[in-house]
Amino acid sequence: MTSKPSLRERLARGPVLADGAMGTMLYARGFSLDRCYEALNVEAPEVVREIHRLYLEAGAEILETNTFGANRYRLAEHGLEDQVARLNRAGVELARQAASDAGRPVWIAGSVGPLGVPLAPLGRVKAVEAREAFREQIAALAEAGADLLILETFSSLPELVEAVRAAQEVAPHLPLVAEMTFAQDGHTLMGHTPEEVVDALMALGVPFIGANCSVGPAKLLPVIRRMAARVREAGGPPPDLVVMPNAGWPEMAAGRLRYPATPDYFADYARRFLALGVRVIGGCCGTTPEHIAAIRRALSAHPEPAPEPRPVILMPPPPPAPTEQPPTELARRLRSGRLVISVEVDPPRGPDASALLEVARSLKAGGVDVLNIADSPMARLRMSPWALAFLVQNHVGMETILHFPTRGRNLLRIQSDLLAVHALGVRNLFIVMGDPPAQGDYPEASDAMDIVPSGLVRLIKERFNAGQDHAGEPIGRPTAFFVGVALNFNAPDPAREIKALRRKVRAGADFIMTQPVYEPEALRAFLRRYEEEAGPLSIPILAGVLPLVSLRHAEFLHNEVPGIMVPEAVRERLRRAGEERARGEGLRIAQEVVAELAEFVQGLYVMPPMGRYELVFSLMEAIPPHRRGGGRTGEPAMESEGPQVSGGRGDLSDER
C-alpha cells in the first residue's frame with residue numbers, strides 16, 4: 001500500500017475504529033491466563049495473525065500489536081526478559097502481514113502496557129528505570145515500523161508520564177495515544193481524577209488522550225464526559241479523545257471468564273461516546289470482532305446521536321474535620337525518657353489463646369510495657385495476629401504492637417486490613433516485608449505484594465492518618481496509627497540499608513525495631529555511619545534482644561536466619577561454657593548487651609527463645625537503675641512449657 005494517508009488526515013473524514021481485545025481472543029482459543037501471550041508472536045504466530053484478520057474483517061482500521069506486556073519486567077515473570085526486541089518486532093510484523101491483505105488503509109499501533117511492578121515510592125522501581133524499560137520496548141516497536149503508539153491500561157499517572165516521555169524521546173515522529181484506566185468511582189486506582197489526567201497529558205503535548213479497560217462502557221461514559229469538559233476548558237489546540245472500554249464486568253461461568261456486554265449494547269454506547277467528541281473508538285477486555293463489527297455498523301449508519309443530558313452536579317459533603325486523637329501509650333512512654341520494654345509473642349497454632357493471655361498478664365505485672373504480636377513468623381500457620389492483639393488489649397489491658405507484613409497482600413487488602421485493625425483498637429504497627437511463604441507451611445501461597453514497607457509507611461502516615469485512602473477518598477475519620485519499621489544493622493550492604501531506612505524515616509516512621517543485638521558496638525557503628533551519610537536519626541530505637549540457649553541455637557541463628565549475625569566471640573563463649581552451662585552463659589551475654597544498650601537506645605525488643613518468658617525478668621534486672629521505669633522487676637513463677645516463640649527473625653527483612 002503506497003498511498004496510505006496519515007492518521008491525522010484520516011481523522012479529518014470522521015472517527016476511526018480500532019480493534020478489540022487480543023487476550024480475550026487468545027483465551028478463547030485455549031491459551032491459559034498464566035501463559036505469556038506476547039511469546040505467542042513467535043510460538044503461535046498464525047493464531048495471532050488470524051485474530052488480527054478477524055478484526056480487519058469486522059471493520060477495524062487500527063490494529064494493536066500483541067505486545068501489551070512485552071517489557072522487561074513482565075517478560076521476566078516468564079524468563080523472557082532478554083526477548084523484548086524480538087517479541088515486539090514480531091508483534092508489529094504479524095499485524096502488518098494481516099493488514100497487507102485488507103485492501104484498504106490500516107494503521108499498526110504498537111501496544112505498550114504498564115510494567116507490572118509498582119514504582120517508587122510504593123515499589124522498588126525508580127522512575128529512571130521505568131523510563132528505560134519503556135524506551136527499550138518503544139524503540140523496538142518503532143524500528144519494526146509501527147504507525148503509532150498506544151500506551152494503555154495505566155492505573156498510575158506517574159508511570160504513564162514516564163512512558164510518554166520515553167515515547168517522545170525514542171519515537172517523536174509517531175502519533176501517541178495515552179489511556180488511563182479508571183475504577184467504578186471515576187478515579188484511577190492511584191486516586192487521580194479524569195481532570196488531573198487530562199492536565200498532565202496535555203502539559204506533555206500528548207495528541208490523543210483517553211481511557212480504556214476499566215469497567216464497562218456505562219462507567220467510562222462519565223469519565224470521558226469529564227475529560228471532554230476539561231479539554232474544552234483548557235483552550236489551545238485540543239487533543240483528540242480516545243475510548244476503548246471493556247465489555248462489562250467479567251464473571252466466571254462454567255469455569256471460564258465471560259464478559260456480559262453484547263455487541264448491540266456496546267454499539268449503543270459507541271454512539272454516546274461519539275456524541276461527546278470521541279475520535280478514536282475501540283474495545284478492550286472482553287470485546288470481540290462481533291463488538292467491533294457492531295460499532296462499524298453504527299459508524300456507517302451515521303445516526304444522529306441523542307443529545308447528552310446535562311450532568312447533575314451534586315456537591316459532596318465536606319470531609320469530617322480531623323479530630324485530635326490521643327497518642328498511644330507506647331508513644332507516650334517513648335517520649336518519657338525511660339527505657340521501654342517490649343516482648344514478642346507468636347499467636348497460637350490453634351483457636352485457643354488462653355495460655356498466651358496468661359503470659360501477657362504475667363508480663364504486664366512484671367513491668368513489661370507492650371506486647372509484640374508477630375504475624376505468621378517463618379511463614380507458619382497461626383491464629384491471626386489481629387485477633388490476639390485484640391484479646392490482649394481487651395482482656396489484659398496491655399497495649400500491643402502488631403506486626404504488619406506487606407508480602408502476600410495487594411493494595412486493596414492492605415487498606416481494608418488497616419481499617420479493620422484500627423476498628424479493633426490496635427494503633428501500634430510494625431511494618432515489615434514478611435517471611436516468604438516458600439519457607440513455611442504453604443510454599444505455594446502467593447508471595448506477591450503491591451507495596452514495599454516504606455511505601456506502606458507513607459500510605460499510613462500521609463493518607464490514612466489524614467482521613468483518606470490511597471486514592472484520596474475520605475475514610476470517615478483519620479486513623480491514629482503509630483508506625484514502626486525494621487532495621488538490620490548487620491546488613492551485608494550497609495549503604496543500601498541506610499538508604500532504605502532513610503526512605504522509611506522520610507515516609508514518616510515513628511520508631512525503629514532492630515534485629516537481635518549481640519555486639520552493641522555494631523549497632524553504634526551503624527548509627528554513626530547513618531548520621532554521617534543521612535543526618536541525625538531523630539526517632540526512637542527499640543533494640544532487639546534474643547537470649548541464646550545453646551551453641552547450636554547460636555549457630556542456627558547465625559547460619560540459617562537471614563539478618564541475624566552472632567559474632568564469633570559470642571559463639572566461642574558458649575563453646576567454652578559447654579553444653580550444660582551454655583544456657584546460663586547465653587543469659588549473661590544477653591544481660592551484658594541489655595546493660596550497654598540501655599545507655600543509648602530508647603527501648604528493648606525482647607524475643608524470648610522457645611517460650612522462656614521468665615528470661616524477660618532476668619534481662620530487666622540488668623537495666624541500669626536510672627533507665628528503669630515503674631513496675632516489678634522480680635521473676636514471677638511462670639511455666640516454661642507455655643506457648644513457643646521461634647528463634648527466627650526472618651520477618652525483619654525489608655525492601656532490599
Side-chain angles (χ1 to χ4, degrees), residues 5-18 61-62 64 105 107 109-112 146-154 157-158 160-169 171-182 186-188 192-214 217 219-245 269-284 295 298-299 302-311 313:
S6 69
L7 183 59
R8 186 63 66 187
E9 290 171 335
R10 165 62 187 84
L11 281 166
R13 303 202 314 269
V16 174
L17 178 61
E61 299 171 82
I62 294 177
E64 288 195 48
W107 288 265
S111 171
V112 178
D147 298 312
L148 68 149
L149 298 168
I150 292 185
L151 313 178
E152 56 182 342
T153 323
F154 282 77
L157 183 55
L160 179 57
V161 167
E162 292 304 326
V164 167
R165 288 173 174 161
Q168 292 172 335
E169 293 169 2
H173 60 291
L174 293 182
L176 182 60
V177 177
E179 296 176 305
M180 291 290 293
T181 182
F182 292 82
H187 292 69
T188 70
H192 292 102
T193 65
E195 292 80 6
E196 289 172 328
V197 171
V198 169
D199 290 347
L201 295 179
M202 286 188 67
L204 292 170
V206 178
F208 296 91
I209 294 173
N212 80 300
C213 198
S214 309
K219 294 294 184 179
L220 269 191
L221 188 69
V223 169
I224 294 299
R225 182 184 293 119
R226 291 171 64 177
M227 283 186 158
R230 192 64 161 193
V231 167
R232 290 193 299 270
E233 293 170 4
D240 286 313
L241 291 176
V242 181
V243 68
M244 299 177 185
Y269 269 93
R271 297 184 185 94
R272 302 186 188 195
F273 285 120
L274 296 175
L276 290 173
V278 165
R279 305 291 291 157
V280 179
I281 189 167
C284 200
I295 299 176
L299 291 175
H302 297 295
E304 284 294 323
E308 279 294 309
R310 295 177 62 86
I313 300 176

Could you pull out the closest heavy-atom pair between Pro158 and His192, with the gap in Å? CD-CE1, 3.9 Å
What I'd like to find out is whether the side chain of Pro105 reaches to under 4.5 Å of the side chain of Glu61, using heavy atoms alone. no
Can you confirm whether Leu276 sits close enough to Val243 that some side-chain heavy atom of one is under 4.5 Å from a side-chain heavy atom of the other? no
Looking only at heavy atoms, the pair that brings Glu169 and Pro172 closest together is O-CD, 4.0 Å
Checking Leu11 against Val280 for the side chain to side chain contact (heavy atoms under 4.5 Å, CB included) test, could you report, in this order, the C-alpha distance in whole Å, the side-chain angles of both residues, the deciding distance, and whether it holds? CA-CA 8 Å; Leu11 281 166; Val280 179; 4.2 Å; yes
I need the single residue from Val242, Val278, Leu241 that forms a side-chain contact (heavy atoms from CB on, under 4.5 Å) with Phe273. Which is it? Val278
Begin with the C-alpha distance, continue with both residues' side-chain angles, and end with the deciding distance and a verdict on side chain to side chain contact (heavy atoms under 4.5 Å, CB included) for Leu201 and Val164. CA-CA 8 Å; Leu201 295 179; Val164 167; 4.2 Å; yes
Please test Asp199 against Arg230 for side chain to side chain contact (heavy atoms under 4.5 Å, CB included), starting from the C-alpha separation and ending with a verdict. CA-CA 8 Å; Asp199 290 347; Arg230 192 64 161 193; 2.6 Å; yes
From CZ (Arg225) to CZ (Arg272), nearest 0.5 Å: 9.5 Å
Considering all heavy atoms of both residues, which atom of Phe154 and which atom of Val112 are nearest to each other, and what is their separation? CE1-O, 3.6 Å
With a 4.5 Å cut-off on side-chain heavy atoms, are Leu151 and Leu176 touching? yes
With heavy-atom distances below 4.5 Å as the criterion, would you say the side chains of Thr188 and Thr181 are in contact? no
About how many Å separate CD1 of Ile62 and CD1 of Ile150, when rounded to the nearest 0.5 Å? 5.5 Å
Please tell me if the side chains of Leu204 and Val161 come closer than 4.5 Å, counting only heavy atoms from C-beta onward. yes
Test item: Met244 and Cys213 side chains (from C-beta on) under 4.5 Å apart, heavy atoms: no
For residues Arg226 and Gly186, report the shortest heavy-atom separation together with the two atoms involved. NH1-O, 4.2 Å
Might you point out which heavy atoms bring Arg279 and Ala12 nearest each other, and give the distance in Å? NH2-N, 4.4 Å
For the atom pair CG (Leu174) and CG (Leu149), what is the distance rounded to the nearest 0.5 Å? 5.0 Å
Rounded to the nearest 0.5 Å, how far does CH2 of Trp107 lie from CG of Asp147? 8.5 Å
With rounding to the nearest 0.5 angstrom, report the NE2 to OG1 distance, His187 to Thr193. 6.0 Å
Any side-chain heavy-atom pair from Glu152 and Glu64 closer than 4.5 angstrom? yes
Smallest separation among heavy atoms of Gly210 and Met227, with atom names: O-CE, 3.6 Å
Roughly how far, to the nearest 0.5 Å, is the CD1 atom of Ile281 from the CD1 atom of Ile224? 9.0 Å
Measuring only between side-chain heavy atoms, which start at C-beta, is Pro239 closer than 4.5 Å to Val231? yes
So, using side chain to side chain donor-acceptor pair (under 3.5 Å) as the criterion, who are the partners of Glu179 when residues are at least two apart? none
Derivation of the side chain to side chain contact (heavy atoms under 4.5 Å, CB included) call for Leu160 and Met180: CA-CA 8 Å; Leu160 179 57; Met180 291 290 293; 3.3 Å; yes
